[in-house]
Chemist: 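First the structure, then my questions, so here it is.
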Amino acid sequence: MSDLTITLPDGSSRTLPEGSTGLDLAADIGPGLAKAAVIVSVDGEGRDLDRVLADGDSVSVVTADSDEGLHTLRHSTAHVLAQAVLDLWPGATHAIGPPIEHGFYYDFELPGGGVFTADDLEAIDARMREIIAADQAFERFEAGTSEALELFAEHRYKREIIEKVTAGAVDVEMAREASADGTVTWYRNGEGFVDLCTGPHVPSTGRLGHFALQKVAGAYWRGDEKQPMLQRIYGTAWADKKSLKGHLHRLAEAEKRDHRRLAAELDLVSWPDALGPGLAVWHPKGALVRKIIEDYSRARHEAGGYDFVFSPHIAKSVLWETSGHLDFYADGMYPPMELDGASYYPKPMNCPFHVAVFQSGQRSYRDLPQRFFELGAVYRYELSGAVHGLLRSRGFTQDDSHIFCTPDQIPEELASLLDFTLSVLRAFGFEDFQAKLSTRPAEKSVGDDALWNMATDGLQKALESAGLDYVVEEGGGAFYGPKIDVDITDAIGRPWQLSTIQLDFNLPERFELEYVGADGGRHRPVMIHRALMGSIERFFGVLLEHYAGAFPLWLAPEQVRVLPVADEHQAYAEAVRDRLVAAGHRVTVDPADEPLGKRVRAGKVDKVPHVLVVGDDDAFNGTVGDNARGADGPERDLAIDLFLGRLADAEASGALVAGSTGESTS
RNA sequence: GCCCGUGUAGCUCAGUCGGAAGAGCGAUUCACUCGUAAUGAAUAGGUCCGGGGUUCGAUUCCCCGCGCGGGCUCCA
């Protein structure tokens, strides 16, 4: 009997008897590892622990605390969910159930068009725990298509997957459900539960258990609204109890900083029913913060070589026909208003207007690059079920610019543009970025190869010189040009896509844009669409959640609140306020109609960066007592001049609060 | 738009197995004038989302709308 030689991730090798499995390998390395092992990864491909290894395999043992191990755990838990549902609803069929970030889901069709209710989750959860307690082994099977079709005769969605797989038309979501090489695999556990699946899975259901079912939702089969609506159950699953608890805690925290809740609590924005879904009104405090954001954006663009333009909210259909929006974006547009025999559409984008500005006169290569900037309000007909506070609305304002340049200018323009973008985002306290470069799609696209290559190289070089982490999405670009999207990561680790830099080789063609070159001839410029914050409304929402409502000093609508200890200190409080206001700060006085403790508390609840208390000592000495947001206690006897200096420093640096005793700026 | 859930005071929510609508916070008024996270009392505030049905009687049960929330899809 010959032995197997297995290479481990650290480069060492191990010899095992022929017929050894992944589990044997793990046990050979150490009993602790054998216990912790979930699957093995053989040459980068996940395998069940009980599968036999081959001589020369390069193997790493995957444990539940790794991403791949967690993925497996969640996938296996999804199977148990399906098993429980099929047990409890005879006649139900299961569609797909992949692992997702933090958990898993499974889609079902219940007999007679039935639906799940929230109460059903409890029963399903209980049945799942029985299956886990029974510690049923996951067994893997492999066979040809016809046998598989027979096995899943009662399950139309499984059959559809098998047929698709056989035809070679596998999409990403289904890739986990079946292999593409003509054979079909499935897993069985318990008496009779089988599920089409490429695996791998944990050895047995006893390895699972740290999960929670979260919600039921409708989901179209294959995400297509023309397909049947299935019943989806979402759950979260983790390697141990502590991780599960931690995750549920983080969810609760995220809910507390929901921008819609904070917008109401801090009196910033509201969504009156009478306006319609996705349409907000801005209250004075919210509008003040928004104005500061917009003023900052304008100042940066003014200093950054942009020319400001304005454009109307509606335009005749001919504009949208020329731009092509009516062909490929009509679903996203509000319907037209018929006026004077013409159709006027609310604008879903600003680009055609900026093109019109470009076209208003003859352009020379000496004028380029020409950068037009506008805080442009646009209206998009989002599905009523898709709107989400400020993060997804039907009317919003883009910090929109269109840059017209020569092809030669592309690389330099992109490099400085990306620097500019990151600089603006950093000013708002965002530090973690993740970029995505989307390249030319495989099918149809416009523009010649040289242009695409120059633009794509330019984007890539810009990313590299900016030192940004990025992933490349091959073929992910629009038909009219490559692009970069930049995500920021917020204070609790969630990514948000904000900025986009998008090359466009199409609109210059459609509008027949030209500039006069150095050679005296006419040439076609390239267009760059770009938005840094994306949408002011959405950016505001992201900021609100990022800071949990506690805006940095320079953005806070009310920066300082002065509390006189008693009525007799009112005059001094007002004098303090007037001095701070004269220095350009936003300050109010809260008179002594309520006990001091109550007013201090109100200031904290309103997340005012500085609550000043002034009494006899302060009036006599020209000082204040400062309660900085986030500080452990008050700082007494602070000279007003000193406090003013700190305020100015904090405003300039973008700090959360002034001075050294409050919140840290990290 | 589709599936599920949900709608009671400005906010957060009780409640009515169908029989006179409640609390806390907030607001207003009065008293208190206070050195650091909720002073006391009083008052005001509701077509119980809208319309229809069942009933002697509907905020409660049923039907249809509308709003909101979670998903599907898309993206700023």
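Within every chain, numbering begins at 1; the chains are lettered A, B, ... in the order of the sequence lines, protein sequences first and strands thereafter. Quick note: numbers below take in every heavy atom, side chains included, and nothing from hydrogens, waters or symmetry partners.
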Chemist: Quick one: list whatever passes side-chain contact (heavy atoms from CB on, under 4.5 Å) with A264(A), sequence neighbours left out.
Modeler: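 Partners of A264(A) by the side-chain contact (heavy atoms from CB on, under 4.5 Å) criterion come out as none, since no residue qualifies.
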
Chemist: For K598(A), enumerate each residue passing the salt bridge (Lys or Arg N to Asp or Glu O under 4.0 Å) test, keeping only those at least two apart in sequence or located in another chain.
Modeler: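 Partners of K598(A) under the salt bridge (Lys or Arg N to Asp or Glu O under 4.0 Å) test: E594(A).
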
Chemist: Are any protein N/O atoms closer than 3.5 Å to N/O atoms in nucleotides 63-68 of chain B? If there are, list each pair with its distance.
Modeler:
from	atom 1	to	atom 2	distance (Å)
rG67(B)	O2'	D273(A)	OD1	2.8
rG67(B)	O2'	D273(A)	OD2	3.1

Chemist: Given atom CZ of R392(A) and atom P of rG71(B), what is their separation to the nearest angstrom?
Modeler: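 Going from CZ in R392(A) over to P in rG71(B) covers 13 Å.
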
Chemist: Of all of residues 493-503 of chain A, which get a heavy atom below 4.0 angstrom from RNA chain B, listed by number?
Modeler: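 RNA chain B contact set from residues 493-503 of chain A: Q497(A), L498(A).
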
Chemist: So what does Y234(A) touch, heavy atoms closer than 4.0 Å: a base, only the sugar-phosphate, or nothing?
Modeler: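 Sugar-phosphate, backbone atoms only, no base.
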
Chemist: Kindly write out the residues that satisfy side-chain contact (heavy atoms from CB on, under 4.5 Å) with A592(A), not counting sequence neighbours, or none if the list is empty.
Modeler: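 Result, side-chain contact (heavy atoms from CB on, under 4.5 Å) vs A592(A): D567(A), R599(A).
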
Chemist: Suppose we screen for side-chain contact (heavy atoms from CB on, under 4.5 Å). Which residues come up paired with A602(A), at least two apart in sequence or across chains?
Modeler: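 By the side-chain contact (heavy atoms from CB on, under 4.5 Å) rule, A602(A) matches R561(A).
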
Chemist: For Y345(A) together with H325(A), are the ring centres under 6.0 Å from each other?
Modeler: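 They do not qualify: ring centres at least 6.0 Å apart.
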
Chemist: Counting only distance, no hydrogens or angles, is the base of rC3(B) paired donor-acceptor with the side chain of R232(A) under 3.5 Å?
Modeler: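 Side chain to base: no pair present.
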
Chemist: Taking only residues two or more places apart in sequence, or in another chain, which ones meet Q570(A) in a side chain to side chain donor-acceptor pair (under 3.5 Å)?
Modeler: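 Checked Q570(A) against side chain to side chain donor-acceptor pair (under 3.5 Å); matches are E574(A).
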
Chemist: If you go through the side-chain atoms of Y220(A), does one of them form a donor-acceptor pair with the base of rG1(B) closer than 3.5 Å?
Modeler: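 Donor-acceptor pair under 3.5 Å: yes.
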
Chemist: Holding to salt bridge (Lys or Arg N to Asp or Glu O under 4.0 Å), I want the full list of residues that pass it with D490(A), two or more places apart in sequence or in another chain.
Modeler: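 So D490(A) forms a salt bridge (Lys or Arg N to Asp or Glu O under 4.0 Å) with R494(A).
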
Chemist: Can you give one letter per nucleotide of nucleotides 30-40 of chain B, 5' to 3': B if a protein heavy atom sits under 4.0 Å from the base, S if only from the sugar-phosphate, - if neither?
Modeler: --BBBBBBBB-

Chemist: Could you pull out all residues at least two apart from V387(A) that satisfy side-chain contact (heavy atoms from CB on, under 4.5 Å)?
Modeler: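 side-chain contact (heavy atoms from CB on, under 4.5 Å) check on V387(A) returns P277(A), E382(A), R394(A).
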
Chemist: Run the salt bridge (Lys or Arg N to Asp or Glu O under 4.0 Å) test against D617(A) and tell me which residues pass, sequence neighbours left out.
Modeler: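 Salt bridge (Lys or Arg N to Asp or Glu O under 4.0 Å) check on D617(A) returns R636(A).
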
Chemist: Below 4.0 angstrom, N of the basic side chain to O of the carboxylate: do D258(A) and R260(A) qualify?
Modeler: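 Answer for the salt bridge query: yes.
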
Chemist: Does NZ or CZ of R232(A) come closer than 6.0 Å to the centre of the six-membered ring of Y105(A), within 45° of the ring's axis?
Modeler: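 Yes, R232(A) sits over the ring of Y105(A).
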
Chemist: Name the nucleic acid region contacted by E382(A), choosing base, sugar-phosphate or nothing; use a 4.0 angstrom heavy-atom cut-off, strictly under.
Modeler: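 E382(A): base contact, heavy atoms under 4.0 Å.
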
Chemist: Going 5' to 3' through nucleotides 8-13 of chain B, assign each nucleotide B (protein heavy atom under 4.0 Å from a base atom), S (under 4.0 Å only from sugar-phosphate atoms) or - (no protein heavy atom that close).
Modeler: ------

Chemist: Tell me whether R538(A) contacts the main-chain N or O of Q497(A) through its side chain, where contact means a donor paired with an acceptor under 3.5 Å.
Modeler: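 Yes.
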
Chemist: Quantified in whole Å, what is the P atom distance between nucleotide rU6(B) and nucleotide rG10(B)?
Modeler: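 Their P atoms lie roughly 23 Å apart.
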
Chemist: Given side chains that start at C-beta, do those of V576(A) and L612(A) come closer than 4.5 Å, heavy atoms only?
Modeler: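 Touching, per the 4.5 Å side-chain cut-off.
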
Chemist: Could you tell me how far rG26(B) sits from rC4(B) if I compare only their C1' atoms? Round to whole Å.
Modeler: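 Per the computed distance, 34 Å lies between those C1' atoms.
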
Chemist: May I ask you to say what A386(A) touches in the nucleic acid, namely base, sugar-phosphate or nothing, with a heavy-atom cut-off under 4.0 Å?
Modeler: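 Contact class for A386(A): base.
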
